[in-house]
Amino acid sequence: MSWTPHGKHLIAGEWVGGDATFTSEPAHGPAHSFSVGTVDLVDRACEAAEDAFWTYGYTTREERALFLEAIADEIEARADAITEIGSQESGLPTGRLQGERGRTTGQLRLFASHIRKGDYLDRRHDAALPDRQPAPRPEIMMVERPIGPVAVFGASNFPLAFSTAGGDTAAALAAGCPVVVKGHSAHPGTGEIVAEAVLAAIEKTGMPKGVFSLVQGGDRHVGAAVVQHPRIKAVGFTGSLGGGRALFDLCAQRPEPIPFFGELGSVNPMFLMPEAMKTRAEELGAGWAGSLTMGAGQFCTNPGISVVLDGADADRYTAAAKAALEATDPQTMLTDGIAKAYRDGKERFETRNSVRPVYTTPSEGRVANPNLYETTGDNYLQDHALGEEVFGPLGLIVRVGSVEEMVTLAKGFEGQLTTTIHMDAGDMADAAKLTPILERKAGRVLVNGFPTGVEVVDSMVHGGPYPASTNFGATSVGTMSIRRFVRPVSYQNFPKELLPEDLQ
Ligand code: NAP
């Protein structure tokens with residue numbers, strides 16, 4: 001192997017080791033030893049981030065844009081080594097890692113161009129009215145300012161794009177906020193090499209060293225200490241509902257509560273309209289199976305549930321999905337823990353009389369095979385557990401008796417990242433009944449597509465009502481995600497010389 005991790009934390013420009021270590025659990029290739037994170041290291045990283053803020057928070061947008069572009073360049077300079085360690089640790093195929101690297105550098109460059117344009121500053125100006133009666137009005141100007149140090153928790157399923165220098169880090173750095181990353185213990189080596197790229201960019205562009213730190217995990221106290229540190233002003237989190245909720249609660253209980261932007265799980269229901277099913281049930285069934293098994297189903301946007309009208313078209317849909325799942329090869333899951341959780345999720349379905357197995361296959365160790373079940377609308381509504389995310393390639397078909405029952409079912413769904421309608425022109429009236437409900441339930445509503453695959457663009461919303469996220473007003477993907485890390489400040493009657501540069 002051309003690059004071997006040294007297993008240290010990056011604290012404000014210094015690689016720091018420690019006595020306690022944990023060993024990585026790669027899907028293939030050699031395991032490596034990493035220093036366990038400590039509360040003391042978290043403290044050093046957060047204090048350094050606060051110090052750095054007094055410089056970094058006052059850099060120009062151009063300086064930050066150059067920094068973001070330098071990070072992208074440095075990631076590309078380590079391309080093959082990143083792919084190798086990333087694939088070993090996550091089990092994701094080389095092609096997927098290469099694509100994800102492109103997305104990661106693309107996000108960094110997108111934020112560079114976004115802040116150069118400056119629209120996100122939302123600058124406002126109310127001129128003074130000295131002659132206004134009964135009292136004059138002072139001049140008031142407003143601009144969005146960076147909030148201070150931000151903590152970032154990446155997810156196991158996107159070791160690059162939602163991790164060390166992923167979307168949250170890019171958005172925070174773009175806004176002018178130093179970042180403390182809590183490294184994911186599923187991909188510590190990938191985290192380390194990306195941190196190495198960020199450090200090289202810091203040195204190249206002369207940024208303060210405390211602008212970025214990586215504290216590896218290996219101990220759950222590390223994550224708790226990061227979100228509770230008084231210097232941290234917001235948290236960007238991508239991960240499980242259980243982990244996200246625990247950290248969200250800690251943020252709310254702080255003496256100074258802070259926003260916790262948690263992107264959590266989702267079952268992403270799809271509603272298949274009768275005319276579309278009449279004309280293309282087989283195509284839709286096979287397409288669903290493809291989306292369901294992409295990346296071993298380890299996508300937060302995985303469409304786990306299909307809602308269909310019971311009858312012959314539903315039978316054709318089910319048969320096509322089953323045939324496509326049968327032809328799917330076994331896939332490696334991200335961690336032993338996720339593979340076990342997948343088997344436990346399957347067990348939840350196996351032990352229910354209300355659920356009929358359509359296609360079930362055993363999964364062992366870190367390897368997953370797909371599973372398909374079906375149930376009725378009534379059973380689904382009565383059993384809350386059927387609506388909980390199973391992270392992996394498991395699908396549930398819910399058969400209902402009418403479009404009205406579909407509407408009732410839609411109303412019962414919890415918050416989602418996405419909801420989808422598959423429809424033809426003849427389904428317009430039925431789709432119109434569902435749309436107002438689905439847009440209340442999800443951050444993104446789709447017609448005739450599959451939700452896996454999230455475009456990184458200005459108009460993307462990747463979030464949604466709880467439990468899809470902990471903050472329905474925010475997105476973690478796309479340029480709008482910068483809004484999480486800025487806050488509006490009004491400047492009343494300020495001399496020009498004292499205004500932030502973005503207002504001058
Ligand atoms: P995870 O197990 O929740 O881990 C995420 C991070 O949080 C890790 O750094 C983990 O630390 C830490 N953590 C979890 N629970 C904690 C606790 N109680 N105290 C302190 N730290 C804690 O999630 P994951 O397995 O990486 O990711 C899979 C999940 O993410 C799936 O549910 C998927 O749907 C969701 N996801 C959502 C999105 C989205 O955008 N909405 C995107 C991708 C994935 P350790 O390193 O110690 O484990």
Side-chain angles (χ1 to χ4, degrees), residues 22 24-25 34 36-37 39 42 89-90 92 100 103 151-164 166-168 180-188 190-191 214-228 235-251 260-268 295-304 333-342 345 388-392 394 415-418 442-444 451-454 456 460-472 474-478 481:
F22 69 97
S24 62
E25 294 177 6
F34 292 86
V36 173
V39 173
V42 169
E89 290 187 328
S90 67
L92 294 168
E100 198 179 318
R103 174 175 168 169
V152 169
F153 289 69
S156 56
N157 60 342
F158 283 91
L160 300 173
F162 279 88
S163 192
T164 315
D168 285 347
V180 176
V181 172
K182 149 64 183 69
H184 201 299
S185 46
H187 53 258
T190 317
L214 165 71
V215 184
Q216 297 282 11
D219 177 352
R220 282 279 154 98
H221 291 103
V222 178
V226 175
V227 303
Q228 289 177 302
V235 181
F237 173 96
T238 307
S240 64
L241 176 57
R245 182 64 203 229
L247 295 170
F248 170 87
D249 288 344
L250 288 179
C251 283
F260 178 88
F261 298 101
E263 295 296 333
L264 313 176
S266 185
V267 290
N268 305 293
Q298 301 168 117
F299 283 108
C300 50
T301 49
N302 199 31
M333 298 204 86
L334 293 156
T335 65
D336 294 343
I338 286 175
K340 181 180 179 308
Y342 177 62
E388 289 170 15
E389 179 191 42
V390 178
F391 196 55
L394 184 146
Q416 303 289 333
L417 291 169
T418 73
R444 178 164 57 110
T452 36
V454 184
V456 184
M460 178 50 68
V461 173
H462 188 65
Y466 188 84
S469 82
T470 53
N471 192 309
F472 55 63
T475 174
S476 68
V477 176
S481 65

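Counting starts at 1 for both ligands and their atoms, in listed order.
Distances shorter than 4.0 angstrom do not occur between any heavy atom of F299 and any atom of ligand 1. Under the 4.0 angstrom criterion for non-hydrogen atoms, G463 is not in contact with ligand 1. Using a 4.0 angstrom heavy-atom cutoff, G217 does not count as in contact with ligand 1.
Side chains of L247 and F153 form a contact here, defined as non-hydrogen atoms less than 4.5 Å apart. Inter-residue side-chain proximity for E89 and P188 is flagged as met; some heavy-atom pair is nearer than 4.5 Å. Proximity of F299 to N268: side-chain heavy atoms (C-beta onward) are nowhere separated by under 4.5 Å. Residues S90 and T190 fail the side-chain proximity criterion, which asks for heavy atoms closer than 4.5 Å. H187 has its side chain within reach of S163: a pair of non-hydrogen atoms, C-beta onward, lies under 4.5 Å apart. Using a 4.5 Å heavy-atom threshold, the side chains of F162 and R103 count as touching. Looking only at side-chain heavy atoms (C-beta outward), F260 and N471 stay at 4.5 Å or farther from each other. For the pair R444/V454, a side-chain contact is recorded, criterion being any heavy-atom separation below 4.5 Å from C-beta on.
The atoms of ligand 1 that sit less than 4.0 Å from any heavy atom of F162 are 40 (O). Close contacts of ligand 1 with H184, meaning ligand atoms under 4.0 Å from a residue heavy atom, involve 4 (O), 5 (C), 8 (C), 9 (O), 24 (P), 26 (O), 46 (O). The atoms of ligand 1 that sit less than 4.0 Å from any heavy atom of A155 are 26 (O), 27 (O), 44 (C). The ligand atoms of ligand 1 that sit less than 4.0 angstrom from a heavy atom of S185 are 45 (P), 46 (O), 47 (O), 48 (O). Taking every heavy atom of G265 and a limit of under 4.0 angstrom, the matching atoms of ligand 1 come to 34 (O). Interface atoms of ligand 1 facing L417, defined by a heavy-atom separation under 4.0 Å, are 41 (N). Interface of L247 with ligand 1, defined as ligand atoms under 4.0 Å from a residue heavy atom, comprises 19 (N), 20 (C), 21 (N). Atoms of ligand 1 lying under 4.0 Å from at least one heavy atom of N157, given by number and element, are 43 (C), 44 (C).
Which of E263, R245, R220 comes nearest to atom 10 (C) of ligand 1 through a heavy atom is settled by distance: it is R220.
Under 4.0 Å from ligand 1, the heavy atoms of I338 that appear belong solely to its side chain. Looking at D219 against ligand 1, nothing comes within 4.0 Å, counting heavy atoms. At a 4.0 Å heavy-atom cut-off, ligand 1 does not touch Q298 at all.
The protein heavy-atom contact nearest to atom 23 (O) of ligand 1 is S240 N, 3.1 Å. Atom 27 (O) of ligand 1 has S156 OG, 3.4 Å as its closest protein atom, hydrogens excluded (heavy atom only). Nearest protein heavy-atom neighbour of atom 33 (C) of ligand 1: F391 CE1, 3.4 Å. Protein heavy atom at the shortest distance from atom 41 (N) of ligand 1 is L264 O, 2.9 Å. Closest to atom 7 (O) of ligand 1 among all protein heavy atoms lies F237 CE1, 3.2 Å. For atom 12 (C) of ligand 1, the closest heavy atom belonging to the protein is F153 CD2, 4.1 Å. In terms of protein heavy atoms, atom 36 (N) of ligand 1 is closest to C300 CB, 3.6 Å. Of all protein heavy atoms, the one closest to atom 15 (N) of ligand 1 is G243 CA, 3.2 Å.
Close N/O approach between G239 and ligand 1 is found [any backbone or side-chain N/O within under 3.5 Å]. Where the criterion is an N or O separation shorter than 3.5 Å, residue side chain and backbone included, S266 fails it with respect to ligand 1. In terms of polar-atom proximity, defined here as any N/O pair under 3.5 Å, T238 makes no such contact with ligand 1. At a 3.5 angstrom cut-off on N or O pairs, E389 counts as close to ligand 1.
Qualifying side chain to side chain donor-acceptor pair (under 3.5 Å) partners for S185, counting only residues two or more places apart in sequence or in other chains: none. Not counting sequence neighbours, the partners of A468 by the side chain to side chain contact (heavy atoms under 4.5 Å, CB included) test are L417.
Judged by distance alone, the side chain of Q298 and the main-chain N or O of N157 form no donor-acceptor pair under 3.5 Å. Checked by atom type and distance alone, the side chain of D219 never pairs as donor or acceptor with a backbone atom of V36 at under 3.5 Å.
Under a cut-off of 6.0 angstrom, the local environment of CZ in F472 is sparse, with at most 12 non-hydrogen atoms contributed by other residues, nucleotides or ligands.
A side-chain contact (heavy atoms from CB on, under 4.5 Å) with F237 is found for exactly one of D168, V227, L264, namely L264.
One finds no salt bridge joining K340 and D336 here, because no Lys/Arg side-chain nitrogen approaches an Asp/Glu carboxylate oxygen to under 4.0 Å.
Annotation for E263 and S476: closest pair CG-OG, 3.2 Å, computed over non-hydrogen atoms.
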